[in-house]
Amino acid sequence: MNCAAIDIGSNTVRLCAYHVKNGQLSMFLNQRVMAKLGSKTQNGALTEEGIEAASEALIELRQYIEQYKIKTVFAFATAALRNITNSKEAVSAIEQKTGFQIDVLSGEEEANFTFSGAAKAHNITDGLVADIGGGSTELVLINKGQVEKAVSLPIGSLTSFVRFVGKRPAHKEQIMAIRACVREMIETHFTEEKATVVYGIGGAPRAAMELEKLLYPGSGGAIQTLERLLYQLLGDGALAEKSILKASPERLDTALPGMAILCEIASFFDCKKLDICRAGVREGYLYKQLESLQKEE
C-alpha cells in the first residue's frame, strides 16, 4: 500500500509519499512548493494572494499523486492556516479551488504528532524534540520515553523574519528581539526543565546544522558552536549570504531567524547538542490516519 501526506506550512507546501509495510512508513517521494504563506497575511488574515499561492501549490503537487497513482492522500495544515483570523474562510476557498479536504491541526495535535512520528523513527528516551517550522515551533519534552510536556509556540522562522527583520541582512538587535520573544513564550509553559539533547525537526534545524558543517566541520552539532556561528554570520553579511546560499539557498531570509529560535530554545533548556530528526508531524499524522482506516475496515 502507498499513501501520502500534504503538509501546508507557513513556508512550504510539501508532499511526502510512503510505502506502508508491516505498519511502518518508508518514504519514496518528497516534493515541495515554496508558497511562503506566512508572509502573505494582512491584519492577521491570509490574503487572496495567499489563498491563490496555497491553491496553486496543491494543484502543482497533484501531478505527483497522479503520476505515482497514490490513492490514499491526506492534507493537513499547521500554523499557516491555524493562526490566521480568516481560517475557516481561507480553508473553504482553498478546498473549493483544489478539491482537497484540509485538516487544520491544533497546536496540541501538531506537537503530539511531531513526537509520535519522531518516536517511531528514532529511539528517543530523553531530551527535547523541537520542530521549528515557518509559523510555529513545537516543543516536546521527553523523560524516560514518555511525553512530559508538549506545547506549540506561535513563532517560526518565517514569521519571525517578517515580524522582526523584514529585510536582509538581519541585525544583531533584531535577532536578540526574536530570542527575547521566544524565551518569553517558553517561560509561559516551562520553568526549570533541562534536556541535554535537542532533537531538531524542520528546515530551520537542518539549515543550522548544514551551516555548522560548512564553517565548523567536525563540531558535531555542538550548541556552543551554533551560538558562535550565529553571531559570526550576523557580523559579516557577505559571509552569511555566501554560506546560506551554499548550505540552504531557499532559506536566505529565514536561516538566521530560525537559528536564533533554535539557540534560544537550547539556551533555556541547557541543551549541549543538536541531533537532526528526519521524521515528525507528517509521519505521526499519517500513522494516526492509517490506524483510523484500519479500525473502519
Side-chain angles (χ1 to χ4, degrees), residues 1-38 40 46 49-82 87-88 90-106 109-110 112-122 131 133-135 138 201-203 206 248-250 276-297:
M1 174 186 177
N2 293 339
C3 67
I6 298 177
D7 178 356
I8 304 169
S10 297
N11 209 25
T12 63
V13 179
R14 187 182 294 269
L15 167 71
C16 292
Y18 305 81
H19 297 300
V20 184
K21 186 175 181 181
N22 299 325
Q24 296 295 313
L25 297 174
S26 175
M27 187 188 298
F28 68 87
L29 179 67
N30 187 340
Q31 295 289 335
R32 68 180 179 184
V33 178
M34 298 293 291
K36 295 193 173 181
L37 302 184
K40 295 179 171 65
L46 188 66
E49 181 190 4
I51 290 171
E52 276 302 314
S55 301
E56 289 172 5
L58 288 168
I59 291 168
E60 182 176 336
L61 291 171
R62 180 184 283 129
Q63 65 179 308
Y64 298 101
I65 295 169
E66 295 170 351
Q67 177 184 343
Y68 288 89
K69 298 180 173 60
I70 304 167
K71 302 298 184 184
T72 304
V73 181
F74 301 97
F76 69 90
T78 51
L81 298 182
R82 176 176 71 231
S87 178
K88 185 176 180 180
V91 169
S92 177
I94 295 166
E95 288 178 334
Q96 289 179 17
K97 288 174 181 288
T98 65
F100 285 102
Q101 182 177 340
I102 300 168
D103 187 6
V104 180
L105 303 186
S106 69
E109 286 175 324
E110 185 178 359
N112 283 305
F113 286 140
T114 293
F115 169 68
S116 61
K120 284 272 190 177
H122 300 263
D131 185 350
E138 279 60 53
I201 299 174
R206 288 196 300 271
S248 188
E250 73 282 4
I276 298 298
C277 188
R278 297 290 175 181
V281 63
R282 287 183 290 273
E283 290 77 11
Y285 180 78
L286 269 182
Y287 279 121
K288 180 65 175 178
Q289 296 303 317
L290 293 173
E291 182 183 310
S292 297
L293 286 178
Q294 288 177 346
K295 289 179 180 177
E296 293 174 4
E297 293 177 354

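Index from 1, following the sequence.
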Salt bridge (Lys or Arg N to Asp or Glu O under 4.0 Å) partners of E283, counting only residues at least two apart | none
Enter the distance from K71:NZ to I65:CD1 here, rounded to the nearest 0.5 Å.
-> 11.5 Å
Nearest heavy-atom neighbours spanning L37 and G9 = CD1-O, 3.9 Å
Test item: S55 side-chain N/O and I51 main-chain N/O as donor-acceptor pair under 3.5 Å = yes
T72 vs M1 side-chain heavy atoms within contact, under 4.5 Å | yes
Mark yes when over 12 heavy atoms from residues, nucleotides or ligands other than Q101 sit less than 6.0 Å from its CD; otherwise mark no.
-> no
Side chains of E109 and R82: closer than 4.5 Å at any heavy-atom pair?
-> no
Once the angle between the rings of F28 and Y68 is folded into 0 to 90°, is it parallel (under 30°), tilted (30 to 60°) or perpendicular (over 60°)?
-> tilted
If you measure from CD1 on I94 to CD1 on I102, what distance do you get to the nearest 0.5 Å?
-> 5.0 Å
So OG1 of T78 and CD of E110: to nearest 0.5 Å the spacing works out to 4.5 Å
In this structure, CG of D103 is separated from CG of L81 (nearest 0.5 Å) by 11.0 Å
Hits for ring pair (Phe, Tyr, Trp, His ring centres under 6.0 Å) against Y18, two or more places apart or cross-chain, chain-then-number order -> none
Mind listing the closest non-hydrogen atom pair of V20 and C3 along with its distance?
-> CG2-SG, 3.6 Å
Can you find a pair of side-chain heavy atoms, one from Y287 and one from L25, that are under 4.5 Å apart?
-> yes
All heavy atoms of F100 vs all of L58, minimum pair found to be CE1-O, 3.7 Å
Can we say K97 and E52 salt-bridge, meaning some charged N sits less than 4.0 Å from an Asp/Glu carboxylate O?
-> yes
Considering all heavy atoms of both residues, which atom of S116 and which atom of G284 are nearest to each other, and what is their separation?
-> OG-CA, 3.4 Å
CZ/F76 to CD/Q289 distance, rounded to the nearest 0.5 angstrom?
-> 9.5 Å
Please report the shortest heavy-atom distance between L46 and K40, naming the atom on each side.
-> CD1-O, 3.3 Å
Can you tell me which residue pairs pass the salt bridge (charged side-chain N to carboxylate O under 4.0 Å, His left out) test with a partner in residues 3-13, sequence neighbours excluded?
-> D7-R282
